[in-house]
There are 2 protein chains.
Amino acid sequence: MKAATVYDVAAHAGVSIATVSRVLRRPDDVRASTRQRVLASVLALGYVPSASARGLAARRTGVLGLYFSSVDDEDEQSEAIFVQDTSVEIVVDVPDSREVRPPNLYFDEVLRGSEREAWRHGFALMVGVGRDANPADMVNDIAGRVDGMAVLAGSVPDDILDHVSRRIPVVLIAGPRRGDHHDHVSVSNLEGMRALTTHLLSRHGLTDLVYVGGPADSPDDAERYQGFVEAVEAAGLDPAALPVLRGEFSRVRARGVAETMLATGRVPRALVCGNDQMALGMLDVLIPAGVRVPEDVIVTGFDGIEAGRLSRPRLTTVHQPMVELGRAAMRAMLSRIEHPDQPPITARLPVKVLLRESSEGPAHPSPARP
Amino acid sequence: MKAATVYDVAAHAGVSIATVSRVLRRPDDVRASTRQRVLASVLALGYVPSASARGLAARRTGVLGLYFSSVDDEDEQSEAIFVQDTSVEIVVDVPDSREVRPPNLYFDEVLRGSEREAWRHGFALMVGVGRDANPADMVNDIAGRVDGMAVLAGSVPDDILDHVSRRIPVVLIAGPRRGDHHDHVSVSNLEGMRALTTHLLSRHGLTDLVYVGGPADSPDDAERYQGFVEAVEAAGLDPAALPVLRGEFSRVRARGVAETMLATGRVPRALVCGNDQMALGMLDVLIPAGVRVPEDVIVTGFDGIEAGRLSRPRLTTVHQPMVELGRAAMRAMLSRIEHPDQPPITARLPVKVLLRESSEGPAHPSPARP
DNA sequence: CTCCAGAATGTAAGCGCATACAGTTGGGGA
DNA sequence: TCCCCAACTGTATGCGCTTACATTCTGGAG
């Protein structure tokens with residue numbers, strides 16, 4: 001039982017393959033009666049057009065690509081296919097027994113926006129998440145299958161990027177604008193962190209604050225730190241005098257940092273963290289240790305992930321529009337596909353500072369304890 | 001500047017296109033010296049093979065598909081491409097000011113597992129999320145692009161499923177096993193809910209419990225309710241005497257249900273909810289109203305989503321392995337592709353009851369208040 | 001009834017690659 | 001030195017569809 005082709009449909013409907021193709025691509029070019037006859041044959045034969053053939057003939061695939069890198073846990077699960085395991089284990093789940101999935105919530109949201117926007121414009125979406133040090137194969141593979149691809153900044157070496165961009169347009173997501181020629185969408189990291197820090201400095205009159213940063217090679221973190229520095233300087237303080245801790249964007253790592261800090265005895269008035277995960281890691285350690293947040297220490301994050309809204313205290317943070325980031329990336333790509341020669345696109349999306357209890361004091365009642 | 005093809009590479013390297021193809025597909029069939037010459041040309045020309053052409057010639061695309069349906073909020077965001085908006089809005093974010101994204105966490109996790117497993121076997125992954133009542137176009141489109149696709153049960157009408165499955169294998173995810181011939185992966189809904197309910201009945205000696213169900217046409221909810229019924233019957237109670245409320249799997253809807261219940265004055269000893277979202281909706285209303293959980297009312301959910309682990313009290317639930325579900329779906333598909341004539345696959349994944357404070361009392365200290 | 005301009009449909013040429021099969025080359029053995 | 005086989009490499013075909021161009025219909029004007 002081979003899959004039906006245009007030829008099968010054409011024969012079944014008594015028309016030529018060109019007419020079958022027209023019925024599917026430009027129905028208005030075909031007389032209504034023939035169209036219905038062809039459509040009936042399509043149904044009868046279970047015909048589904050081959051995207052490979054169409055893509056080859058039309059010189060476009062109708063697919064957009066999205067590539068991210070991730071440090072997912074390498075959990076090798078069962079390989080069994082014919083599992084029939086209806087067993088139920090009952091466990092008493094003690095709080096915080098383990099780190100939950102360290103997930104790329106970032107990815108989830110960007111993906112959601114990308115998926116939505118792509119289909120809205122008649123394109124399918126292909127996704128790839130690289131987990132090893134060598135993204136070349138996956139990126140190349142995707143590049144051969146799509147009309148354009150969006151790539152998380154920093155997840156692919158420049159030479160590979162240059163290679164694939166000779167075939168299809170490439171849009172960079174996040175990170176700073178580089179000197180290259182790629183289109184680029186990002187959020188206002190610097191401005192957001194500057195606004196948040198300025199708020200802390202002016203409203204709370206702080207002078208004693210510490211920046212908790214991400215990986216040294218993270219361009220996003222670099223921008224955020226720069227925003228922090230600018231705010232501090234504007235307040236007449238010397239940024240060089242303020243300590244910087246490294247939490248590597250990881251909740252677990254941030255806990256370690258917090259413990260060290262507590263052990264050392266030196267706790268600042270405010271911990272300005274480069275992302276929410278690290279801020280949550282701080283809370284994980286400080287709160288049980290009896291440190292009051294925000295009375296003793298103010299803690300802030302960056303990203304606006306869900307978990308920061310569910311913590312106690314809820315996390316003051318800078319929300320970045322990740323779903324919109326995905327959409328903007330797709331739109332930039334489509335624009336580039338349509339106008340290959342237009343100048344490089346640079347989209348910069350606005351952010352929003354969300355003041356919550358981890359910095360503003362217990363002014364706002366918890367929903368659960370009215 | 002057209003994209004390079006095999007012909008360009010062949011000419012540049014002074015070989016035939018067959019050799020170029022071999023270098024890329026089966027490197028060992030080519031002498032090392034020739035191989036390196038070809039590879040150099042590939043780099044020099046920025047050659048990336050066209051998956052369309054390859055798919056057509058090889059009669060397989062190397063892509064697997066995943067289709068879900070969702071009731072996403074139809075948020076039409078900005079259409080602008082050349083956004084340069086570095087503005088920063090500062091808002092005081094009062095608690096619970098709105099329902100957060102009602103997201104398909106389910107989708108996120110299944111997707112993650114699918115993506116991982118597909119690439120692990122050398123396949124790319126294409127995703128589609130249908131949001132309107134007519135999935136035919138998107139499903140057909142995907143079907144034409146892949147070697148097999150996984151579909152969330154109930155998201156695609158049978159006739160469409162039958163149509164596309166004449167071309168490629170289709171695997172159903174979740175839902176009950178139907179009488180059809182498709183491969184199917186799901187979790188032990190019935191057994192999980194039965195185990196949880198049995199635990200509640202035996203440990204707490206309850207007789208007064210209410211089931212809060214999802215949409216009437218949800219096969220998953222039907223299974224869960226059946227598990228509830230079986231446990232109740234096994235305890236010698238009459239399930240028909242126990243009320244069933246409808247929360248439609250929605251947190252907001254569940255709140256409405258809870259409010260009605262409170263207004264009516266009749267509050268049972270336990271609320272057994274068909275999913276976590278509804279259970280959280282219950283908490284949203286009960287806790288602020290002064291109802292103690294679990295002392296006055298026990299509340300349980302189903303799914304094991306992150307938010308249920310972050311609520312106060314933390315939610316007792318049945319965790320289903322959604323990531324693994326995605327992986328199992330991909331594996332089933334690959335198996336079917338490899339052995340088209342094997343009997344239908346039915347994978348049933350185990351679940352885990354997680355006992356937490358919403359049913360077990362304050363025995364376990366909160367991490368935040370040691 | 002004849003003609004002719006559209007409308008409708010058919011014909012045929014690729015799109016870029018994989019691969020069966022044919023042809024070539026390089027050595028080792030006779 | 002010649003022959004023969006294995007290792008390489010080249011030739012040619014077709015995968016299923018789109019589309020420019022050619023051909024055939026249609027139906028209203030003349």
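Everything quoted here is computed from the prediction, not taken from an experiment. Values below: every heavy atom of this structure, side chains too, minus hydrogens, waters and symmetry copies. A, B, ... follow the sequence lines: proteins, then strands. Residue 1 opens every chain.
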Protein-nucleic acid N or O pairs under 3.5 Å, nucleotides 6-8 of chain C:
from: C/dA8; atom 1: O3'; to: A/Arg31; atom 2: NH2; distance (Å): 3.4

Hey, what are the protein-to-nucleotides 13-17 of chain D N/O distances that come in under 3.5 Å?
from: D/dC15; atom 1: O2; to: B/Ala57; atom 2: N; distance (Å): 3.3
from: D/dG16; atom 1: N2; to: A/Ala53; atom 2: O; distance (Å): 3.3
from: D/dC17; atom 1: OP1; to: A/Tyr47; atom 2: OH; distance (Å): 2.4
from: D/dC17; atom 1: OP1; to: A/Ser50; atom 2: N; distance (Å): 3.3
from: D/dC17; atom 1: OP2; to: A/Val6; atom 2: N; distance (Å): 2.3
from: D/dC17; atom 1: N4; to: A/Tyr7; atom 2: OH; distance (Å): 2.9

Verdict with supporting geometry, A/Gln342 and A/Ser335, side-chain hydrogen bond (donor to acceptor under 3.5 Å, both in side chains)
CA-CA 9 Å; A/Gln342 68 188 345; A/Ser335 168; 2.7 Å; yes
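Counting non-hydrogen atoms under 4.0 angstrom, A/Val20 reaches nothing in the nucleic acid.
When all heavy atoms of A/Ile345 and A/Ala332 are compared, the pair lying nearest together is CD1-O, 3.6 Å. Shown here for A/Leu66 and A/Ser114, the closest heavy-atom pair between the two residues is CD2-OG, 3.9 Å. Considering all non-hydrogen atoms of both residues, A/Ala124 and B/Met126 come closest at CB-SD, 3.8 Å.
In this structure, CZ of A/Arg26 is placed 16 Å from C1' of C/dG10, rounded to the nearest angstrom. Rounding to whole angstrom units, CZ of residue B/Arg22 and P of D/dG10 are separated by 8 Å. Residue A/Asp147 contributes atom CG, which lies 14 Å from atom C1' of C/dC15 at whole-angstrom precision.
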Using a 3.5 Å cut-off and no angle test, enumerate the donor-acceptor pairs between side-chain atoms of residues 145-158 of chain A and protein atoms at least two apart in sequence or in another chain.
from: A/Arg145; atom 1: NE; to: A/Asp141; atom 2: OD1; distance (Å): 2.5
from: A/Arg145; atom 1: NH1; to: B/Thr61; atom 2: O; distance (Å): 2.7
from: A/Arg145; atom 1: NH2; to: A/Asp141; atom 2: OD1; distance (Å): 3.4
from: A/Arg145; atom 1: NH2; to: B/Thr61; atom 2: O; distance (Å): 3.4
from: A/Asp147; atom 1: OD1; to: A/Thr61; atom 2: N; distance (Å): 2.8
from: A/Asp147; atom 1: OD1; to: A/Thr61; atom 2: OG1; distance (Å): 3.1
from: A/Asp147; atom 1: OD2; to: A/Thr61; atom 2: N; distance (Å): 3.2
from: A/Asp147; atom 1: OD2; to: A/Thr61; atom 2: OG1; distance (Å): 3.4
from: A/Asp147; atom 1: OD2; to: A/Gly62; atom 2: N; distance (Å): 2.7
from: A/Ser155; atom 1: OG; to: A/Leu152; atom 2: O; distance (Å): 2.6
from: A/Asp158; atom 1: OD1; to: A/Arg178; atom 2: NH2; distance (Å): 3.0

When the side chains of residues 36-45 of chain B are checked against the rest of the protein, which donor-acceptor pairs come out under 3.5 Å, sequence neighbours left out?
from: B/Arg37; atom 1: NH1; to: B/Ala13; atom 2: O; distance (Å): 2.5
from: B/Ser41; atom 1: OG; to: B/His12; atom 2: ND1; distance (Å): 2.7
from: B/Ser41; atom 1: OG; to: B/Arg37; atom 2: O; distance (Å): 3.3

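Listed by chain and residue number, nothing satisfies the side chain to side chain donor-acceptor pair (under 3.5 Å) test with A/His181 (two or more places apart in sequence, or in another chain). Applying the side chain to side chain donor-acceptor pair (under 3.5 Å) criterion to A/Ser186, with sequence neighbours excluded, gives A/Arg348.
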